[in-house]
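The next block holds one structure in the form of structure tokens; read it before the comments.
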Number of protein chains: 2
Amino acid sequence: MDDSVDRHIARWRGKAPFDERVEAIVTRMQFLVKHLAQAKDGALAAVGLQDFEYETLHWLGARGEGGRATPSELAAELKVSPAGMTGRLDTLEKAGLVRRIRSVEDRRRVDVELTSEGRAIWLKAMDLRGEVEDTMVGVLGPDDQEILAALLKRMLLRMENPGRG
Amino acid sequence: MDDSVDRHIARWRGKAPFDERVEAIVTRMQFLVKHLAQAKDGALAAVGLQDFEYETLHWLGARGEGGRATPSELAAELKVSPAGMTGRLDTLEKAGLVRRIRSVEDRRRVDVELTSEGRAIWLKAMDLRGEVEDTMVGVLGPDDQEILAALLKRMLLRMENPGRG
DNA sequence: GCAAGGTATTTCGCCAGCGAATCTTTCGTC
DNA sequence: GACGAAAGATTCGCTGGCGAAATACCTTGC
């Protein structure tokens with residue numbers, strides 16, 4: 001059975017010089033990410049969160065109980081511009097899910113931490129998000145998941161270490 | 001060697017209940033797509049194109065010489081809202097890369113086609129984009145690429161056919 | 001033949017993100 | 001110890017995309 005990318009590529013064969021495998025891989029990843037975002041949007045709406053809010057809470061929650069992070073760290077981890085992160089934190093702080101604390105020893109810095117309410121909502125949202133992602137990744141058995149994760153990792157390493165081979 | 005996703009997941013183990021494999025796969029795909037978009041932005045700037053413009057020209061070009069498509073078709077294929085597609089086409093038409101033709105027999109409809117200039121620029125841009133994507137996907141040998149494409153396809157089929165399995 | 005409903009596109013108001021510029025604080029150097 | 005460079009966060013102006021409403025057109029049923 002064909003997916004939309006197969007149809008795209010077939011309709012297209014011979015009309016221009018390009019690598020079909022590469023095209024298929026890249027386009028499928030783009031579509032999967034887009035699908036995922038849309039599906040997650042729907043699921044997260046149930047707890048009143050938007051995707052970008054959840055994503056931010058998620059990486060903040062990863063710091064552990066009472067864990068903190070600076071806006072720049074979060075911006076780098078989430079691959080968002082510093083300005084974008086300021087905007088996200090504004091929204092989250094206004095909603096009471098996050099707290100900004102100006103550092104004492106270096107007053108340029110700001111630490112961000114989850115409020116207890118933020119942590120609670122994040123935990124609720126994790127379940128919902130998990131369902132969507134499990135639906136997608138769950139088509140694959142555990143072995144295939146391992147293989148997929150490894151292949152993706154090799155590509156990501158290349159992108160994160162431009163110097164390397 | 002670890003990538004940023006490994007580090008994220010490790011830092012995080014035991015702190016919340018979730019499937020590490022799924023998390024790793026999803027997060028890596030998101031990062032790869034983001035990396036790709038950023039790298040492509042840079043490359044395409046050389047021909048004065050933005051990513052969303054190239055993407056639209058690309059699917060239009062796939063229709064073949066003199067091929068046409070309606071805005072709604074393009075919107076569906078590119079997973080963009082109809083309103084968003086109008087905006088894209090406005091930009092492209094103003095730049096002279098695309099032409100809108102109101103259909104004669106059904107005057108609600110609009111057909112879109114590449115101008116010759118649009119086709120030329122698209123072809124030039126394909127090379128540049130190819131380089132970036134090849135760099136990423138090229139870490140994998142042909143066999144691994146086939147495996148990856150197949151795994152992605154299985155997931156995409158699931159997302160495009162919600163009823164199924 | 002005409003009203004009601006459906007379809008294709010566009011307009012409108014809004015939002016998150018980006019890059020550049022700004023402001024504050026700290027660090028290095030003389 | 002003062003002054004310029006650097007670092008961290010924020011503000012500002014702009015852009016692409018979204019959802020909802022509006023517009024224009026076709027089609028069906030009476």
Side-chain angles (χ1 to χ4, degrees), chain A residues 30-31 33-35 37-42 44-45 48-57 59-60 68-95 97-113, chain B residues 30-31 33-35 37-42 44-45 48-57 59-60 68-95 97-113:
Chain A
Q30 288 168 339
F31 280 15
V33 167
K34 206 151 203 172
H35 267 298
Q38 286 169 354
K40 242 197 301 189
D41 275 357
L44 290 180
L49 279 180
Q50 290 177 267
D51 186 63
F52 78 93
E53 296 175 302
Y54 170 75
E55 200 189 3
T56 312
L57 295 182
W59 282 73
L60 214 39
R68 298 183 177 182
T70 67
S72 359
E73 283 165 358
L74 288 172
E77 279 171 347
L78 291 163
K79 288 169 187 52
V80 156
S81 74
M85 186 50 61
T86 297
R88 289 189 177 192
L89 294 176
D90 287 348
T91 310
L92 288 168
E93 192 168 38
K94 202 179 306 175
L97 305 180
V98 134
R99 206 182 351 256
R100 272 193 257 229
I101 301 167
R102 286 221 90 95
S103 167
V104 198
E105 69 273 5
D106 183 346
R107 301 221 304 288
R108 288 172 303 183
R109 298 183 70 220
V110 170
D111 285 301
V112 183
E113 67 178 24
Chain B
Q30 288 169 339
F31 280 15
V33 167
K34 206 152 202 171
H35 268 297
Q38 285 169 354
K40 244 198 299 189
D41 274 357
L44 290 181
L49 238 44
Q50 291 177 267
D51 187 63
F52 79 93
E53 297 176 303
Y54 170 75
E55 199 190 5
T56 311
L57 294 182
W59 283 72
L60 213 40
R68 299 183 175 182
T70 66
S72 358
E73 283 166 358
L74 288 171
E77 279 172 347
L78 291 163
K79 286 169 188 54
V80 157
S81 75
M85 186 50 60
T86 297
R88 290 189 177 193
L89 294 176
D90 287 348
T91 310
L92 289 168
E93 192 168 38
K94 202 180 305 177
L97 306 180
V98 134
R99 204 182 352 255
R100 270 193 258 229
I101 302 167
R102 286 222 89 95
S103 167
V104 197
E105 68 274 7
D106 184 344
R107 300 219 306 286
R108 286 172 305 185
R109 300 184 67 214
V110 170
D111 284 302
V112 183
E113 67 178 24

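Remember, predicted model here, so these are calculated numbers, not experimental data. In the text below, chain A, chain B and the rest are named by the order of the sequence lines, each starting its count at 1.
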Kindly indicate whether the side chain of [X], heavy atoms from C-beta on, has any atom under 4.5 Å from the side chain of [Y].
X        : Y        : value
A/Val98  : A/Thr56  : no
B/Ser103 : B/Val110 : no
B/Val112 : B/Leu92  : no

Between [atom2] of [N] and [atom1] of [X], the distance in whole Å:
X       : N      : atom1 : atom2 : value
B/Phe52 : C/dC18 : CZ    : P     : 16 Å
B/Gln50 : C/dC18 : CD    : C1'   : 11 Å
A/Leu92 : C/dA16 : CG    : P     : 10 Å
A/Met85 : C/dG19 : CE    : C1'   : 16 Å
B/Tyr54 : D/dG16 : OH    : P     : 19 Å
A/Leu49 : C/dA16 : CG    : C1'   : 16 Å

Tell me every residue that passes salt bridge (charged side-chain N to carboxylate O under 4.0 Å, His left out) with [X], counting only those two or more places apart in sequence or in another chain.
X        : answer
A/Asp106 : A/Arg108
A/Glu113 : A/Arg68, A/Arg99
B/Asp90  : B/Arg100

Mind checking B/Thr70 for me? I need base, sugar-phosphate or nothing, with any heavy atom below 4.0 Å counting as a touch.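 Result for B/Thr70 = sugar-phosphate.
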Short side-chain N/O contact from B/Arg88 to OP1 or OP2 of D/dG16, under 4.0 Å: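 Negative; the distance criterion is not met.
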May I ask you to list the residues of residues 75-83 of chain A, by number, that have any heavy atom positioned under 4.0 Å from an atom of DNA chain D?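 Listed by number, they are A/Pro82, A/Ala83.
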Near DNA chain D, which residues from residues 100-112 of chain B have a heavy atom under 4.0 Å away?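 The stretch gives B/Glu105, B/Asp106, B/Arg107, B/Arg108 as the residues lying under 4.0 Å from the strand, ordered by number.
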Of all the nucleotides listed (D/dT11, C/dT11, D/dG16), which has the minimum atom distance to the side chain of A/Asp90?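 Given the options D/dT11, C/dT11, D/dG16, the side chain of A/Asp90 is closest to D/dT11.
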Among all residues two or more places apart in sequence or in another chain, which pass the side-chain contact (heavy atoms from CB on, under 4.5 Å) test with B/Phe52?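 Result, side-chain contact (heavy atoms from CB on, under 4.5 Å) vs B/Phe52: B/Gln50, B/Arg88, B/Thr91.
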Which residues satisfy the side-chain contact (heavy atoms from CB on, under 4.5 Å) test with B/Gln38, sequence neighbours excluded?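 side-chain contact (heavy atoms from CB on, under 4.5 Å) list for B/Gln38, sorted by chain: B/Lys34.
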Can you give me every donor-acceptor pair (side chain of residues 73-83 of chain B, partner residue at least two apart or in another chain, under 3.5 Å) with its distance?
from	atom 1	to	atom 2	distance (Å)
B/Glu73	OE1	B/Thr70	N	3.1
B/Glu77	OE2	A/Arg11	NH1	3.2
B/Glu77	OE2	B/Arg63	NH2	3.0
B/Ser81	OG	B/Gly84	N	3.0

